[in-house]
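Order of listing sets the numbers, starting from 1, for every ligand and every atom in it.
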Amino acid sequence: MNLTKLVAALSFGAALSLSMTAYASDYKAEYKVSTVLGQPFPWGEAAQKWAELVAERTEGRINLKVYPNAQLVSGDQTKEFTAMRQGIIDMAVGSTINWSPQVKELNLFSLPFLMPDYAAMDALTQGPVGEKIFEAIEDKGIHPIAWSENGFREVSNSKRPITEPADLEGLKMRVVGSPLYNDTFTALGANPTQMSWADAKPALTTGAVDGQENPLTVYDVAKIETVGQTYVTQWHYVADPLIFASNERVWENFTAEDQAILKQAAVDAGAYGIELARKGTTADDQSLIKALEARGAQFTELTDEQRQKFVDATRDVYGKWKDRIGSDLVDLAEESIANRAQ
Ligand code: X2X
């Protein structure tokens, strides 16, 4: 090889490696991941784990940064899905409740007393229902990636123990961003008012509302007992899974190998989040409940007959929303739960 040829070969190699670098630099310096709850809530831990696993497995090539408190949508958590579709947010780990105004199928998990236990939740998210829900999200222009969990939402209030629907009569309840919650609490005789999580704690502190509903891990980390929420009823009426998802264009810009890494990291981080979300609230580990009791929370367990009264009182709401969500999907969910592994 003469010198000219050698120089040409070397510069071709240089150009090639330059173009490869150019390809990698198509990636953003940072991908914004939205969440409502940050660390140390299980939700925030799951999102952070995703970022860590992705950084580790891509040797720092892909940088996910978690923005908690719905700050990328000024605290308005029901705008998160739309903002992600528009590309204001690249990715999110979001609650099915907060995205349900845009994806009606996500109201499934908010149907009162659909899921009796964790096995029922798993039967939905890990089975054909989960696949159909992901298709519905995809149809709305968002790429869903993996599941995690906020948890079973238990009701708390500052006034009295709740053992039957009549105990909710006239209580001012803060509810989340789907009109289904207004219907449920109205059917139970309460006085629901919808507000964001950002507004909820101040409203509880000032007594503008008497009660709220959230998973016990949220009660724990947010120290809800310190704002007078003494009475907690474990009625397991609904649960909100979390979904890892990405803006479509952002997702399509990753190489297939990197998509696989992002996906596996989300699956792993999601499983970690589910473990944290259930810790201390299962049949064989009640440690979180014990700890909250020690801090002054008073727990009410419902007998089957007591629970049935809440089921009966919300049956019409269930029927109305079954039609709205799509009765085929709800039928499939009921069937998946009836056949769940125990
Ligand atoms: O707002 C709530 O209650 C929360 C934090 O649980 C959700 O984002 C659904």
Side-chain angles (χ1 to χ4, degrees), residues 33-48 66-84 89 92-103 106-112 115 121 125 133 147-157 172-182 184-185 190 192-205 208-225 227 229 232-245 270 273-274 276-278 281 288:
V33 181
S34 175
T35 68
V36 178
L37 302 178
Q39 291 174 296
F41 292 96
W43 186 338
E45 296 292 350
Q48 192 54 41
V66 180
Y67 289 82
N69 306 320
Q71 61 186 275
L72 300 174
V73 282
S74 310
D76 191 350
Q77 61 211 55
T78 58
K79 300 270 159 57
E80 189 179 61
F81 189 87
T82 306
M84 180 165 41
I89 293 172
V93 180
S95 160
T96 48
I97 301 170
N98 297 328
W99 298 355
S100 62
Q102 290 81 35
V103 187
L106 293 177
N107 283 296
L108 177 74
F109 303 98
S110 302
L111 276 178
M115 299 174 287
M121 220 193 303
T125 59
I133 298 261
W147 295 92
S148 194
E149 192 164 301
N150 194 15
F152 273 107
R153 302 180 71 90
E154 318 295 8
V155 63
S156 75
N157 83 98
K172 277 177 280 163
M173 299 296 300
R174 175 269 171 171
V175 293
V176 273
S178 162
L180 169 44
Y181 288 83
N182 281 323
T184 299
F185 279 88
T193 167
Q194 191 192 314
M195 66 181 75
S196 68
W197 174 249
D199 292 337
K201 212 168 166 191
L204 291 165
T205 307
V209 294
D210 303 314
Q212 62 92 44
E213 47 78 65
N214 248 302
L216 294 182
T217 53
V218 177
Y219 189 103
D220 172 33
V221 179
K223 299 189 171 57
I224 305 274
E225 81 282 2
V227 293
Q229 295 292 295
V232 187
T233 297
Q234 283 194 280
W235 62 350
H236 271 46
Y237 83 130
V238 301
D240 52 332
L242 302 176
I243 297 173
F244 291 66
I274 291 172
L276 293 181
R278 296 182 183 183
T281 68
L288 177 58

Inset, instruction - Show your working on side-chain contact (heavy atoms from CB on, under 4.5 Å) between Q229 and L204 and close with a plain yes or no. - result: CA-CA 8 Å; Q229 295 292 295; L204 291 165; 3.6 Å; yes
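- Taking the ring pair (Phe, Tyr, Trp, His ring centres under 6.0 Å) definition, one finds that F152 meets it with Y118, H236, sequence neighbours left out.
- The ring pair (Phe, Tyr, Trp, His ring centres under 6.0 Å) test applied to Y181 returns no partner, not counting sequence neighbours.
- Applying the side-chain contact (heavy atoms from CB on, under 4.5 Å) test between N150 and each of L37, N98, T96 identifies L37 as the sole match.
- Residues that satisfy the side-chain contact (heavy atoms from CB on, under 4.5 Å) test with T35, not counting sequence neighbours, are W43, A47, V66, P68, V93.
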Pairs under 3.5 Å, nitrogen or oxygen of ligand 1 with protein nitrogen or oxygen:
from	atom 1	to	atom 2	distance (Å)
ligand 1	1 (O)	Q77	NE2	2.8
ligand 1	1 (O)	R174	NH2	2.9
ligand 1	3 (O)	R153	NH2	2.9
ligand 1	3 (O)	R174	NH1	2.7
ligand 1	3 (O)	N214	OD1	3.3
ligand 1	3 (O)	N214	ND2	3.0
ligand 1	6 (O)	N150	ND2	3.2
ligand 1	6 (O)	R153	NH1	3.0
ligand 1	6 (O)	R153	NH2	3.4
ligand 1	6 (O)	N214	OD1	2.7
ligand 1	8 (O)	Q77	NE2	3.3
ligand 1	8 (O)	N98	ND2	2.9

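- Contact annotation: the side chain of I133 approaches that of L108 to within less than 4.5 Å [non-hydrogen atoms, C-beta and beyond].
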